[in-house]
> 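Could you have a look at this structure, given as structure tokens, before my questions?
A, B, ... follow the sequence lines: proteins, then strands. Residue 1 opens every chain.
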Protein chains: 2
Amino acid sequence: MESEKDSFMFLFASTIKAMFKQSTKLFELHEVGISPEQNYLLSILSSQEESIQSELAEILQKDKSAVMRHIDSLETMGMVVRVSDTIDRRKKHIVITEKGLEVKKRCQELMEESTLRNQKGIPAEEIAIFKKVLMKMRDNASS
Amino acid sequence: MESEKDSFMFLFASTIKAMFKQSTKLFELHEVGISPEQNYLLSILSSQEESIQSELAEILQKDKSAVMRHIDSLETMGMVVRVSDTIDRRKKHIVITEKGLEVKKRCQELMEESTLRNQKGIPAEEIAIFKKVLMKMRDNASS
DNA sequence: TTGAATCGTTGATTTTATCAACTATTTATT
DNA sequence: AATAAATAGTTGATAAAATCAACGATTCAA
């Protein structure tokens with residue numbers, strides 16, 4: 001019989017929560033100095049696809065002021081810098097620094113390690129389907 | 001090419017975040033009076049598998065005091081009552097009331113509705129694999 | 001019987017997010 | 001060209017939640 005606590009949405013939520021707690025601990029243990037959330041921000045920035053704050057806010061699904069504060073703290077730590085757009089002077093591009101890149105790389109290694117651990121015993125084709133379903137659902141939920 | 005923002009963990013996190021925001025809005029729109037998180041609590045309680053606070057804390061992966069406050073507010077709304085264990089007088093069983101059951105039922109309908117919407121266009125067998133992978137990963141991440 | 005562990009509770013603190021207001025700048029409308 | 005509306009970033013106030021540490025009551029173990 002299926003337990004109530006395994007209903008789709010909550011199974012989903014509790015899994016990601018367990019994974020996030022795991023990686024938060026890992027980050028603290030290895031003293032990388034940032035949170036998984038901030039690592040996500042650095043990852044986005046290093047991809048150079050998006051870099052202005054309002055775009056980041058949309059990706060992170062957070063209020064722009066929340067993103068603002070994350071960037072503030074990353075800037076204080078010297079991991080990013082704000083660069084004004086030359087054309088539209090309202091905009092500021094958030095650029096990752098050398099230091100930021102290093103930390104991000106270190107974090108990414110840790111993340112891959114724990115992702116690997118979490119996917120242990122699961123066939124690759126099932127992981128592929130899993131990702132496909134995730135993306136489809138995200139699109140459905142965002143629209 | 002795969003975008004950084006679609007790396008496994010963050011794709012995962014952003015999907016559940018979008019879904020949670022969606023259901024929070026839905027709950028507010030229909031004025032059910034509780035949050036998705038509280039609905040989850042009610043669901044667990046109605047399954048009658050677990051009912052004491054320390055067990056609930058473990059399932060919800062929260063500090064016992066956080067669970068305590070959730071229950072406080074549910075009790076104030078008349079959706080649950082605390083019943084002392086007759087054998088072990090430290091323990092208190094959280095019991096869902098008639099009112100709580102009604103609200104939970106209403107919430108569950110809304111949740112199913114939005115789950116259905118989010119799973120639109122995804123074959124049933126892929127959903128099945130998805131759930132299977134979720135459970136396996138949760139176990140991996142929790143251990 | 002004494003000490004350790006567990007359960008629920010409370011207070012203090014921290015973290016994080018949101019909302020509203022504001023400035024500066026750009027874009028759209030008349 | 002002048003004015004209104006929209007956008008980007010910033011700040012302050014506030015709210016929502018979570019965590020931590022400490023405590024009393026109770027139970028369990030040595």
Side-chain angles (χ1 to χ4, degrees), chain A residues 10 13-14 16-25 27-29 33-41 44-45 50-77 80-95, chain B residues 10 13-14 16-25 27-28 33-41 45 50-77 80-95:
Chain A
F10 296 124
S14 68
I16 189 63
K17 183 156 192 177
M19 289 171 65
F20 237 92
K21 284 207 170 187
Q22 187 196 47
S23 57
T24 300
K25 266 189 199 165
F27 278 26
E28 282 166 4
L29 188 70
I34 62 171
S35 67
E37 185 82 23
Q38 288 176 317
N39 171 45
Y40 184 28
L41 236 173
I44 296 169
L45 293 175
E50 284 93 359
S51 66
I52 71 161
Q53 290 181 206
S54 57
E55 288 169 343
L56 297 173
E58 199 182 342
I59 295 172
L60 298 176
Q61 299 170 77
K62 286 193 168 84
D63 189 90
K64 55 185 177 171
S65 53
V67 174
M68 167 87 197
R69 270 132 201 174
H70 275 296
I71 291 173
D72 275 351
S73 88
L74 286 174
E75 196 175 32
T76 304
M77 289 186 278
V80 301
V81 286
R82 281 181 233 252
V83 179
S84 292
D85 187 297
T86 45
I87 300 164
D88 187 338
R89 288 179 331 203
R90 290 171 305 181
K91 296 181 182 173
K92 289 189 181 169
H93 296 270
I94 314 303
V95 180
Chain B
F10 296 122
S14 68
I16 189 64
K17 182 154 192 179
M19 288 171 66
F20 238 92
K21 283 208 171 187
Q22 186 195 48
S23 58
T24 300
K25 266 188 199 167
F27 277 27
E28 280 166 5
I34 61 172
S35 66
E37 186 82 22
Q38 288 176 317
N39 171 44
Y40 184 28
L41 236 174
L45 293 174
E50 284 93 358
S51 68
I52 74 161
Q53 290 181 205
S54 56
E55 290 168 341
L56 297 173
E58 200 183 342
I59 295 173
L60 298 177
Q61 300 171 75
K62 286 190 168 84
D63 191 271
K64 53 187 178 170
S65 53
V67 174
M68 167 88 198
R69 269 132 203 174
H70 274 297
I71 291 173
D72 276 350
S73 88
L74 286 173
E75 195 176 34
T76 304
M77 290 187 277
V80 301
V81 286
R82 287 176 159 98
V83 179
S84 292
D85 189 297
T86 45
I87 298 163
D88 187 338
R89 288 178 329 198
R90 288 171 305 181
K91 296 181 182 173
K92 287 189 182 171
H93 296 269
I94 313 304
V95 181

> What's B/Ile71 touching, base or sugar-phosphate or nothing? Going by heavy atoms closer than 4.0 Å.
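Counting heavy atoms under 4.0 Å across all strands, no contact is made by B/Ile71.
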> So, using side-chain hydrogen bond (donor to acceptor under 3.5 Å, both in side chains) as the criterion, who are the partners of A/Ser51 when residues are at least two apart?
A/His93
> For A/Asp88, give me all partners under salt bridge (charged side-chain N to carboxylate O under 4.0 Å, His left out), at least two apart in sequence or on another chain.
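A/Asp88: salt bridge (charged side-chain N to carboxylate O under 4.0 Å, His left out) contacts with A/Arg90.
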> Using side-chain hydrogen bond (donor to acceptor under 3.5 Å, both in side chains) as the criterion, list what pairs up with A/Glu75, not counting sequence neighbours.
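side-chain hydrogen bond (donor to acceptor under 3.5 Å, both in side chains) list for A/Glu75, sorted by chain: A/Arg82.
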> In terms of heavy-atom contacts, does CD of B/Gln61 have more than 12 from other residues, nucleotides or ligands at under 6.0 Å?
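Buried by this count: over 12 neighbours within 6.0 Å.
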> Could you list the residues that satisfy side-chain contact (heavy atoms from CB on, under 4.5 Å) with A/Ser84, not counting sequence neighbours?
A/Lys92
> Under the side-chain hydrogen bond (donor to acceptor under 3.5 Å, both in side chains) rule, collect the residues that match up with A/Thr24, sequence neighbours excluded.
none
> In dot-bracket form, how is DNA chain D paired, counting a Watson-Crick or G-U wobble pair only if both its distances are under 3.5 Å and using | for bases paired to another strand?
||||||||||||||||||||||||||||||
> Round to a whole Å and report the spacing from OH of B/Tyr40 to P of D/dA17.
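Rounding to the nearest Å, OH of B/Tyr40 and P of D/dA17 are 17 Å apart.
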> Grab the N/O contacts between the protein and nucleotides 9-11 of chain D below 3.5 Å, and write none if there aren't any.
residue: D/dG9; atom: OP1; partner: A/Gln53; partner atom: N; Å: 3.3
residue: D/dG9; atom: OP1; partner: A/Lys92; partner atom: N; Å: 3.1
residue: D/dG9; atom: OP1; partner: A/Lys92; partner atom: O; Å: 3.3
residue: D/dG9; atom: OP2; partner: A/Ser54; partner atom: N; Å: 2.8
residue: D/dG9; atom: N7; partner: A/Lys64; partner atom: NZ; Å: 3.1
residue: D/dG9; atom: O6; partner: A/Lys64; partner atom: NZ; Å: 3.1
residue: D/dT10; atom: OP1; partner: A/Lys92; partner atom: NZ; Å: 3.0
residue: D/dT10; atom: OP2; partner: A/Gln53; partner atom: OE1; Å: 2.8
residue: D/dT10; atom: OP2; partner: A/Gln53; partner atom: NE2; Å: 3.2
residue: D/dT10; atom: OP2; partner: A/Arg82; partner atom: NH1; Å: 2.7

> How many Å lie between CZ on A/Phe20 and P on C/dT16, as a whole number?
11 Å
> So which one's nearest nucleotide on DNA chain D is more toward 5', B/Asp88 or A/Asp88?
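Final value for this comparison: A/Asp88.
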> Applying side-chain hydrogen bond (donor to acceptor under 3.5 Å, both in side chains), name anything that partners A/Glu37, two or more places apart in sequence or on another chain.
A/Lys62
> Whole angstroms only, please: what is the CD-P distance between B/Gln61 and D/dA18?
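For the pair B/Gln61 CD and D/dA18 P, the rounded distance is 12 Å.
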> Expressed as a whole number of angstroms, how long is the span from A/Ile34:CD1 to C/dT16:P?
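So the two atoms are 13 Å apart, to the nearest Å.
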> Go through the structure and list residues passing salt bridge (charged side-chain N to carboxylate O under 4.0 Å, His left out) with A/Lys17, not counting sequence neighbours.
none
> Mind calculating the distance between CG (A/Asp85) and P (C/dT27) to the nearest angstrom?
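It works out to 10 Å between those atoms.
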> I need the minimum non-hydrogen distance between A/Lys64 and A/Ala57, along with the two atoms involved.
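Of all heavy-atom pairs spanning A/Lys64 and A/Ala57, the closest is CA-CB, 3.9 Å.
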> Starting at CD1 of A/Ile87 and ending at P of C/dT26, how long is that distance when rounded to a whole Å?
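Taking CD1 of A/Ile87 and P of C/dT26, I get 10 Å after rounding.
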> Check the distance between D/dA16's P and B/Glu28's CD and give it to me in whole angstrom.
11 Å
> I need the CD-P distance between B/Glu58 and C/dT6, as an integer number of Å.
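It is 12 Å, rounded to the nearest whole Å.
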